Amino acid sequence: MEKINLNHITKIEGHARLSMKVEDGQLQQCELGSIEGSRYFEGLLKGRRWYDAPEITSRICGICSTAHGICSVMAMEKALDIEPSKQTLILRELQNLGERFRSHATHLYFLALPDYLGYESALSMAPRYKKEIERALRLVKLGNDLTEAISGRVMHQVATTIGGFTHFPTQDQLDTFKELLIAAEDDIQETARLFASLPNPHFEREVPSFSVVRDDSYAFCYGDIKIGEKVFKQENYADILKEYHESYSNANFVVIDGKDYYVGALARVNNNYDKLHPKAKAFLEAIKFKVPCFNPYLNNLAQAVELIHHRESAIELLNDFKVQHEELVKPDVKAGKGIAANEAPRGTLWHEYEIDDNGIITHANIVTPTAQALLNMEKDIKVMTQKLLDEKAPKDDIVMEIEKLIRNYDPCFSCATHFLEVDWDEK
Amino acid sequence: MAGKEKPENGKLKVGFYNVTGCAGCLLSVIYTEGDFLEFSQQVDIVSFPFIKEKNDDEQELDVAFIEGVVVTKADEETVKKIRERSKMVVALGACAHLGNIPALAKMKKSEDLEYLKYKKEDFNMDREGGPAPLHTLIKIDYTLPGCPPDRDEIRQFMKYLLLGKTFRNYNDPVCVECKLRNNGCLLDQGKICLGPIIAGGCKAVCPSGGLKCYGCRGFVQGIDKEFDGYFRIMEDKGFSLDDVKRALETFMAIDAHKVLDEKFAQYQLNRKAREESYE
């Protein structure tokens, strides 16, 4: 058996390994797993006070710290029977939007785009594609500044807490953001045009799309969950999502009815197409984009379309919003259980807590988007690799294509050492 | 001395790495926005696997930035190899500096950590001895503290590297910047804020946002008297040593109990001596 090891495939969030074995042109084995060091967050939460959860769990991830922070706050509020105010919900949505802007911009331009333009990194692209890099940095800055103004810090929120906010942006700050968002239209349209112009393989594998949905908006959180045509309540997630472990991965796999499903921007666009802003819809119609779309390479385009939508929805939110000081809603601490879902930039995130009468956390469960995407990714890699093997593509090309495919999911292998090792065994 | 290693000809060779962590520190470097791009053009970025496909893991480095806490056997090997080939190693962020939240695992029983949920016997990558901050395994030349590290401090460090200036960490308590920002004291509101004993340089971002200081930047160096005063205030407010420990262990599980026990014993001796002197 010929053994080929390809190391240091890069530009994803997290530390993952892909092992493939090929015999007589047939892919015999394909295992994708996280080899990230375990940080045992769920175990660390046990024995801590209810109010520690958001500060601790936002550290799960630097790129989606807001998604974790807000999801944690919402789950704990449900455990404590706290009803957040209307203003709190708006501020949380703005904070989620800020993170989505900078996360999508970072992924699209720094991690994904170099593959398409034939560069090893955005840094080496910079001399020739200065305009694109500067545009990316402007979008990142917009997202960073918005996140910082609402949550008190660029990452790992400070002011966003259980029961509301401990600090508020000024009305001037919010008015300035409205202006900045209005001014960002060209950058965002250019981004969408750029990603619509990039060539992608014709590759489809039909799996159900999974996301939070609402009747009244393109949902972040506070809604039901839609998978394919089925809709269920967040509270019932443990009956629907099944976690299991494979010996080659430090991240769990998650299935529904024993099957894989799709999370992330493309899944959200598929499930919420009707709720997209007319400008985002018009863009998709102009490029003859059909939903549901099952080509994972188009997740990038879906992220760009979300930028169009979210810019509009953020402006609408800010249009008649007047921020005022509000006291935190204080809980009546007692035993309880809370479950919440939040759409992180890369898919649906779950936090679940149980606390006792003293407010001590007795159980925590966190299911990340990448754990839910893992099996889907692995299956797509299998199909894509076999397709390329059948076409007699050279090994280097196959590896490059598979890396690109993996990056397009925008995975986050618990966000640490950032390279994917590919073990390739060929007979 | 930052910059001493700058070669006479050519650019500084720089690497950005991470072991187990959240990528937030490397993102904080990128989130300096245009400044990192500018820096990347003034130096030779030899390795940055998070955003680069081509990384040279053999070449000698002038400066290596490492994010994260050493959790796996592979992490340990990685940081030791980086140390061997680097003239300067910078611990980037609270995991690298202090062990941060992952180090809390050292204080937990293994069944609490749900080993069984994740682990099978054939797949345990964890190093023996549990999560370790970098300084316990390799020599560290500089530290950019904080969770996340302050972006302006990263900017300043990059600038000093290019200029060959010596970087020094901020070593006043968080309270100094907190007062400069005209914040009310959280201790007065009955919150166990760690500001008086923790090094600032963060612009007191947490207390300014209404959150008590959790101690993510480590102790102020050489401040025994402040500990004394701190324990006195905490006792006045009705907090116990255990309350302080619980607050401090979030980011400093490795040192929290040992240091606090020592300082508290000293405080009790001092108090006794003080009381006796009044008699």
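None of the values given here were measured: they were computed from a predicted structure.
- Interface residue B:Arg151: only side-chain heavy atoms are found under 4.5 Å from chain A.
- Contact of A:Glu55 with chain B is made through backbone and side chain together, with heavy-atom distances under 4.5 Å.
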**OP:** Please lay out, stage by stage, how A:Gln157 and A:Ile150 fare under the test side-chain contact (heavy atoms from CB on, under 4.5 Å).
**Re:** CA-CA 9 Å; A:Gln157 65 198 23; A:Ile150 306 288; over 6 Å; no
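- If you tally non-hydrogen atom pairs under 4.5 Å between each of B:Cys147, B:Cys25, B:Pro102, B:Ser40 and chain A, the highest count goes to B:Cys147.
- Top candidate by heavy-atom pairs under 4.5 Å with chain A, chosen from B:Val70, B:Leu37, B:Ile30, is B:Leu37.
- Neither the backbone nor the side chain of B:Lys203 comes within less than 4.5 Å of any heavy atom of chain A.
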**OP:** Could you walk me through whether A:Glu99 and A:Arg102 pass salt bridge (Lys or Arg N to Asp or Glu O under 4.0 Å), step by step?
**Re:** CA-CA 5 Å; A:Glu99 177 163 276; A:Arg102 61 137 180 250; 3.6 Å; yes
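- With contacts defined as side-chain heavy-atom distances shorter than 4.5 Å, the pair A:Tyr353/A:Thr57 qualifies.
- The choice from A:Leu123, A:Leu45, A:Ile133 that makes the most heavy-atom pairs within less than 4.5 Å of chain B is A:Leu123.
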**OP:** Using the side-chain contact (heavy atoms from CB on, under 4.5 Å) rule, take A:His107 and A:His104 through it: C-alpha gap first, then chi angles, then the decisive distance, then the call.
**Re:** CA-CA 5 Å; A:His107 172 251; A:His104 280 3; 5.8 Å; no
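- When each of B:Lys13, B:Lys11, B:Lys52 is checked for a salt bridge (charged side-chain N to carboxylate O under 4.0 Å, His left out) with B:Asp44, only B:Lys13 meets the rule.
- Electrostatic pairing of B:Lys80 and B:Glu76 counts as a salt bridge here, judged by a charged N lying under 4.0 Å from a carboxylate O.
- Neither the backbone nor the side chain of A:Ser124 comes within less than 4.5 Å of any heavy atom of chain B.
- In terms of heavy-atom pairs under 4.5 angstrom with chain A, the leader among B:Ser208, B:Ala103, B:Pro131, B:Gly68 is B:Ser208.
- Looking at A:Arg138, there are no atoms closer than 4.5 Å to chain B (heavy atoms on both sides), in backbone or side chain.
- Classified by interplanar angle (parallel below 30°, tilted 30° to 60°, perpendicular above 60°), the ring pair B:Phe16/B:Phe65 is parallel.
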